[in-house]
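Atoms within each ligand, like the ligands themselves, are counted from 1 in listed order.
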Amino acid sequence: MYIHVAVPVPGLALLTYSVPEQLTRPVVGARVVVPLGSRIVTGIVMDDASASTIDDAVVKPIKEVLDAEAFVPSEVVALARWTAEYYAAGPGDTITSVLPPKARGARADAHKTMRVASITASGLETLQLVAPKPEAKAVGPQITTKQREALDLLAASPDGISTPQLAGRGIAADVVARLVRHGFVSIRQDRLDRDPFQTAMVQPPPADPDRQLTMEQAAAFERLRAMAESRRFQVVLLHGVTGSGKTELYLRLAAAVRESGRSVLMLVPEIALTPVVVSVFRHAFGDRVAIQHSGLSDGERHDQWQRIRRGDVDVVVGTRSAIFAPLERVGLIVVDEEHDASYKQEESPRYHGRDVAIIRGQRADALVVLGSATPSMESYHNATTGRYERVVLERRVLDRPLAAVTVVDMREEYAERGPDVILSQALGAAIAVRLERREQALVLLNRRGFATAVFCRQCAGTMDCPNCSVSLVVHGEGVSRRARCHYCNYTMRVPAACPHCAGPYLEQAGFGTERVEAEVRRLCPQARVARLDRDAIRRKGALAEILSRFRTGDIDVLVGTQMIAKGHDFPRVTLVGVVSADVGLGLADFRASERTFQLLTQVVGRAGRGDEPGEAIVQTIYPDHYSIQLARHQDYRAFFERELKFRQQMRYPPFQSLVNTVVRSQTFAGAMDDAADVVRRVREGAEAAGVRVLGPAPAPLGKLRGEYRAQLLTKGSNRTRMRGLLLSALAARPDLDKRIVVDVDPVSVL
Ligand code: ADP
Ligand code: ZN
């Protein structure tokens, strides 16, 4: 018997092995231990390869079969195969996404580590030095170098180091045992808290579990339930304005599906930013819920994975990778905020969680619900052409009005008050009113940092990243000022003199969230202001803390990036300010308008979700841009129609599919030449296949982490053909393997 095996090693293709007579025949999804070069690794059986032509001389036998039954359910194995193929990714990358963290790694004893991990799930051994570190002389000859190393590590950690951490640094269990026997160290048993819900639940439980659905909700629910009960595959777009009560519908639908004996997958874009869903589900289904997302520790994730696999849960809430959860009998998959870009994985396999969800739903005869107030162009298009069903919620619950939006033309503001204005008079006054009324405000600027550039007034030189084609962003003020690259993290102090001409005339330009925060404080010294962006939440726990302080009213004004726009439900927010609606519009990306419209509509939708009506103030220098005008009226339909025309003219999705290919090289010419070569090869068969190739062109982000980037874009209506052309072009250039990225259905082409 021969089998195909996927090994969780990036870049690895499917491997073929033979199964020796004396071993049991492994089933699809079982783990097997196999030789790989000079190593021994654990992989997953993908299928029976006995039918393929095999060169017996080169095929090696497997060493061991670890599971009698599938470790990864066969439908998930099939989903992984589909993903690898569709996104032109290696089976190695893809199987890595599917496995729980502890089962990864290339060592044959990975399965043993896993067993140990589950046995010790409730306790963690931590080692501590008993006395000050024994002196080298006093230690005597029986101390080995490894033990010495361990003692040094422990001496540097007064709180001790856990055995897994020590193992991670190459200190094995026998070294530890000997040190304990020598009496140099003690072992402390710590309770290991692996309840990931504690950090995820910053939201109080829902007010009233028995509350009545609104009429609109009830009608929508009946339709959705009927679809779920048909037990046929269907995709439905749940298009509901912000605050229309979509979460309530997901919950009731999940309950109904669960009662019918099937399970539920609930995907959210970012768990930390959408705590409502997690807490609502946890509250309703208690122990029968598992949670899967990358914010959990490996141990937590592993535990959750095992619970799902054992069948201990029937509801899984998670981010995109949860679509591969080992859940069986799936009857419902919900993709909340389906338009969100974080569903797209920006590393191999570059899958879109929503699209994989649809494939999984199809194979499981499940209902797939895509929910959003601002659906993606693709999904709405599918709903209007009849491929998807459509359920609409046009009104907010309790007939709360949508926020009234005012657009402020910043060109007039600059003409009147000078070019340094950050908060318009209207926005400043509106914040002051909120403080007086003890209501809250959200202030959005989708750009981090204090200043976005530094330039010299004498020579016009700028401070750019040495590794990337972007300018450095200033963080902090005064002495703690640093200039940092947002792509590669290169950081330097902001010098007093210009690095180019040595003149003392360096100036900062542009502004980000830090500057806005400072400006709000300056304008309203009595206000309690906080900031929510990637920098502010570096510290573990900071995010939950900021959100809960805002919820309890400890913070009056929360300044932040798009993070503050995502799914939050803060009833006391009556004002949303957008400092610059233009941030995303200038990007050389065909989704720039769509993104801007979605972000504005979403953030405006955070206002007026409680008893008091909401107001939004949007500052822009393009007040007539359709993204801004239509977001102002929250007119999704008009935006969709307008944007659709542009997409049709330009042959962009949803009319044509795209594959973006980026080639990296040490030199600009090298990147362009290699990309040109690929273009030439793809063009050979392109016309016959109805495929158009654009490029080569320097990528909008022309240099990244020290490498130059050139791109080519393939457009066509048949993805299989496009992929085929590309893959055969690349097969002729194996030297490019490590320097090329193929992105099928890209979400961003920067
Ligand atoms: P969406 O996700 O559509 O923006 P949410 O699900 O967050 O909206 O609901 C908005 C608010 O309305 C939440 O506070 C929710 O608890 C509340 N809500 C939902 N349904 C009802 C209902 N039928 N009656 C009263 N309040 C409701
Ligand atoms: Zn950089």
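- The protein heavy-atom contact nearest to atom 20 (N) of ligand 1 is Gln217 NE2, 3.0 Å.
- Those atoms of ligand 1 with a heavy atom of Val241 less than 4.0 angstrom away are 3 (O).
- Those atoms of ligand 1 with a heavy atom of Asp569 less than 4.0 angstrom away are 11 (C), 13 (C), 14 (O).
- Checked by atom type, the side-chain pair Tyr388/Asn382 shows a donor-acceptor distance below 3.5 Å.
- Within the structure, ligand 1 has Ser244 among the residues with a heavy atom less than 4.0 angstrom away.
- Between His239 and Tyr636, the gap from one ring centroid to the other is short of 6.0 Å.
- The nearest heavy-atom contact from the protein to atom 9 (O) of ligand 1 is Gly245 CA, 3.5 Å.
- Scanning the protein for heavy atoms near atom 12 (O) of ligand 1, the closest one is Val397 CG2, 3.2 Å.
- Heavy atoms of Leu393 found under 4.0 angstrom from ligand 1: none, in either backbone or side chain.
- Closest to atom 3 (O) of ligand 1 among all protein heavy atoms lies Lys246 NZ, 2.9 Å.
- When non-hydrogen atoms are compared, ligand 1 lies under 4.0 Å from the side chain of Arg211 (C-beta onward) but not from its backbone.
- Environment of CZ in Arg493: sparse, with no more than 12 heavy atoms of neighbouring residues, nucleotides or ligands closer than 6.0 Å.
- For the residue pair Glu338 and Ser379, a side-chain donor N or O sits within less than 3.5 Å of a side-chain acceptor on the partner.
- Here the protein heavy atom with the shortest distance to atom 4 (O) of ligand 1 is Gly243 N, 2.7 Å.
- Of the N or O atoms in Thr242, none lie within a sub-3.5 Å distance of an N or O in ligand 1.
- Of the heavy atoms in Arg396, none comes closer than 4.0 Å to ligand 1.
- Between Phe550 and Phe570, the ring planes lie perpendicular to each other; the angle is over 60°, past the 30° to 60° tilted range.
- Checking Thr596 against Ser593 by side-chain atom types alone, no donor-acceptor pair falls below 3.5 Å.
- Residue contacts to the Zn ion (ligand 2): His486 brings no N, O or S atom closer than 2.8 Å.
- Nearest protein heavy-atom neighbour of atom 10 (C) of ligand 1: Arg609 NH2, 3.8 Å.
- Our summary of the site lists the angle at the Zn ion (ligand 2) between SG of Cys468 and SG of Cys465 as 110°, to the nearest 10 degrees.
- With 3.5 Å as the limit, one finds no donor-acceptor pair spanning the side chains of Ser471 and Asp464.
- The angle subtended at the Zn ion (ligand 2) by SG of Cys488 and SG of Cys485 is 110°, given to the nearest 10°.
- No side-chain N or O of Gln598 forms a donor-acceptor pair with one of Thr374 less than 3.5 Å apart.
- Between the side chains of Arg434 and Gln440, no donor-acceptor pair of N or O atoms lies under 3.5 Å.
- Annotation for Phe221: atom CZ counts as buried by contact number, over 12 foreign heavy atoms lying within 6.0 Å.
- Contact atoms of ligand 1 toward Gln212: 22 (C), 23 (N), 24 (N) (distance under 4.0 Å to a heavy atom of the residue).
- The closest approach between any non-hydrogen atom of Leu249 and ligand 1 is not below 4.0 Å.
- Residue, atom and distance of the protein heavy atom nearest to atom 6 (O) of ligand 1 are Thr247 OG1, 2.9 Å.
- Figure legend: cation-pi geometry between Arg447 and Phe511, with NZ or CZ positioned under 6.0 Å from the six-membered ring centre and within 45° of its axis.
- Ion pair Glu248/Arg211 flagged as a salt bridge, since at least one NZ, NE, NH1 or NH2 atom sits closer than 4.0 Å to an Asp/Glu carboxylate oxygen.
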